[in-house]
Amino acid sequence: MASPRHPVRSSFRERVARTSDTNAMPQSHVVTISRFLIDEQRRHPEATGAFTSLLHDIALAAKIIGREVNKAGLVDIIGAAGNENVHGEEVQKLDVFANQVMYRALDHTGLLACMASEENETFIPIPEKFEAGDYVVIYDPLDGSSNIDVNVSIGTIFSIHKKISSGERGTLEDCLQPGSKQVAAGYVLYGSSTMLVYTSGAGVHGFTLDPSIGEFILSHPLLRMPEPPSKVYSVNEAYYARWSRGQQRLVSHLKTAGEFGSRYIGSLVADIHRILLQGGLFMYPREERNPEGKLRLLYEAAPMAFIVEQAGGRASDGRVDVMSIQPEALHQRIPLYMGSREFVDLADRMLAEDE
Ligand code: AFP
């Protein structure tokens with residue numbers, strides 16, 4: 001199950017052995033996400049089960065969204081819903097669907113103080129008819145949506161925070177927390193297979209959906225970015241003329257002195273997933289038309305930064321670590337440099353020449 005690039009640590013081996021012993025069954029290495037989460041919860045006697053339950057609910061939403069994504073080429077679901085999201089981008093039907101699925105999977109659980117979605121302008125309170133809880137979920141229900149109608153990988157991104165405001169129900173303040181305060185973050189990749197990858201601050205774990213049984217199966221325990229990393233950069237180079245001098249020099253350097261190759265999908269989840277498994281450098285720099293960058297701090301950059309850091313990599317806005325940035329607005333954008341630590345450090349150094 002685990003490739004040599006992602007060696008299995010003893011805790012996982014022990015868990016598998018324990019499972020086989022107690023059941024006195026033939027050795028099985030199949031660990032479902034449910035079993036994994038319950039085992040993780042047992043290792044924390046203080047845990048209430050709320051967090052485990054939240055991840056279950058998100059995994060269920062992922063399966064429902066994944067089912068529709070897989071059907072998208074077959075049914076007449078593709079096409080604009082006829083309106084634009086808060087960023088002025090065309091909203092497609094699957095975005096609307098995914099947004100509703102995430103909301104409905106989480107609104108009634110009694111575990112959340114509030115939510116925020118990339119598709120909604122303001123934060124989402126929990127309806128009064130439902131109990132409220134201590135957690136806050138922030139999500140991008142379907143990232144990379146311009147790739148939907150060409151059958152290219154897309155993803156869902158989520159992060160979980162603890163409520164910090166004093167009232168019973170959540171407020172905007174609960175959503176505007178820096179990445180360093182995340183208690184968990186993850187993404188779902190709807191690719192050639194559907195994968196759920198998450199961290200709760202103790203390493204990164206990846207699960208692959210087995211569609212025949214409808215279960216996410218642990219496939220990438222304790223995922224670490226490879227050392228040495230692949231020399232691959234990922235950026236939309238069509239914007240070259242609109243980049244700063246430092247950014248232009250950085251990419252020229254990677255091509256010539258660095259001897260890098262290049263891969264760019266245009267779906268953050270897919271581009272970062274590749275870099276997690278192989279190493280490399282993802283860049284979405286500031287440019288003339290997007291002087292703050294394009295990607296959203298809360299919905300895209302901070303959750304992916306938590307995962308990449310937990311896998312041994314780094315994420316920066318070209319100056320400071322993404323995880324340290326205090327958000328000022330729900331839909332704040334930042335430039336993003338993410339991937340193998342040595343390459344992100346190099347980007348920071350070369351961009352410093354712009355100052
Ligand atoms: P869409 O959801 O509009 O396809 O945008 C995807 C995205 O937010 C992110 O997933 C990509 O990394 C990035 O934008 C691609 O942007 P460019 O098309 O400008 O390269």
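The figures here come from the full heavy-atom set of this structure, side chains too, leaving out hydrogens, waters and symmetry mates. Start at 1 and go down the list; that is how both ligands and their atoms are numbered. If you're wondering where the values come from, they're calculated on a predicted model, not measured in any experiment.
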* **Residues R169 and D174 bridged, charged N to O under 4.0 Å** => no
* Contact with ligand 1 for D271, non-hydrogen, under 4.0 angstrom -> no
With heavy-atom distances below 4.0 Å as the criterion, list the atoms of ligand 1 near [X].
X    : result
S145 : 1 (P), 2 (O), 4 (O)
R296 : 8 (O)
Y264 : 15 (C), 16 (O), 17 (P), 20 (O)

Side chain, backbone, both or neither: the part of [X] lying under 4.0 Å from ligand 1 by heavy atom:
X    : result
S267 : backbone
E237 : neither
L268 : both
N147 : neither

* Can you tell if the side chain of P211 reaches within under 4.5 Å of the side chain of R67, non-hydrogen atoms only? -> no
* To do: Specify whether F36 and Y198 have parallel, tilted or perpendicular ring planes, treating 30° as the upper limit for parallel and 60° as the lower limit for perpendicular.
  => perpendicular
* Structure fact -> Nearest heavy-atom contact between Y299 and Y139 is CD2-O, 3.4 Å
* Asked: So which of E287, K294, M304, E118 gets nearest to atom 13 (C) of ligand 1, if we judge by its closest heavy atom?
  -> K294
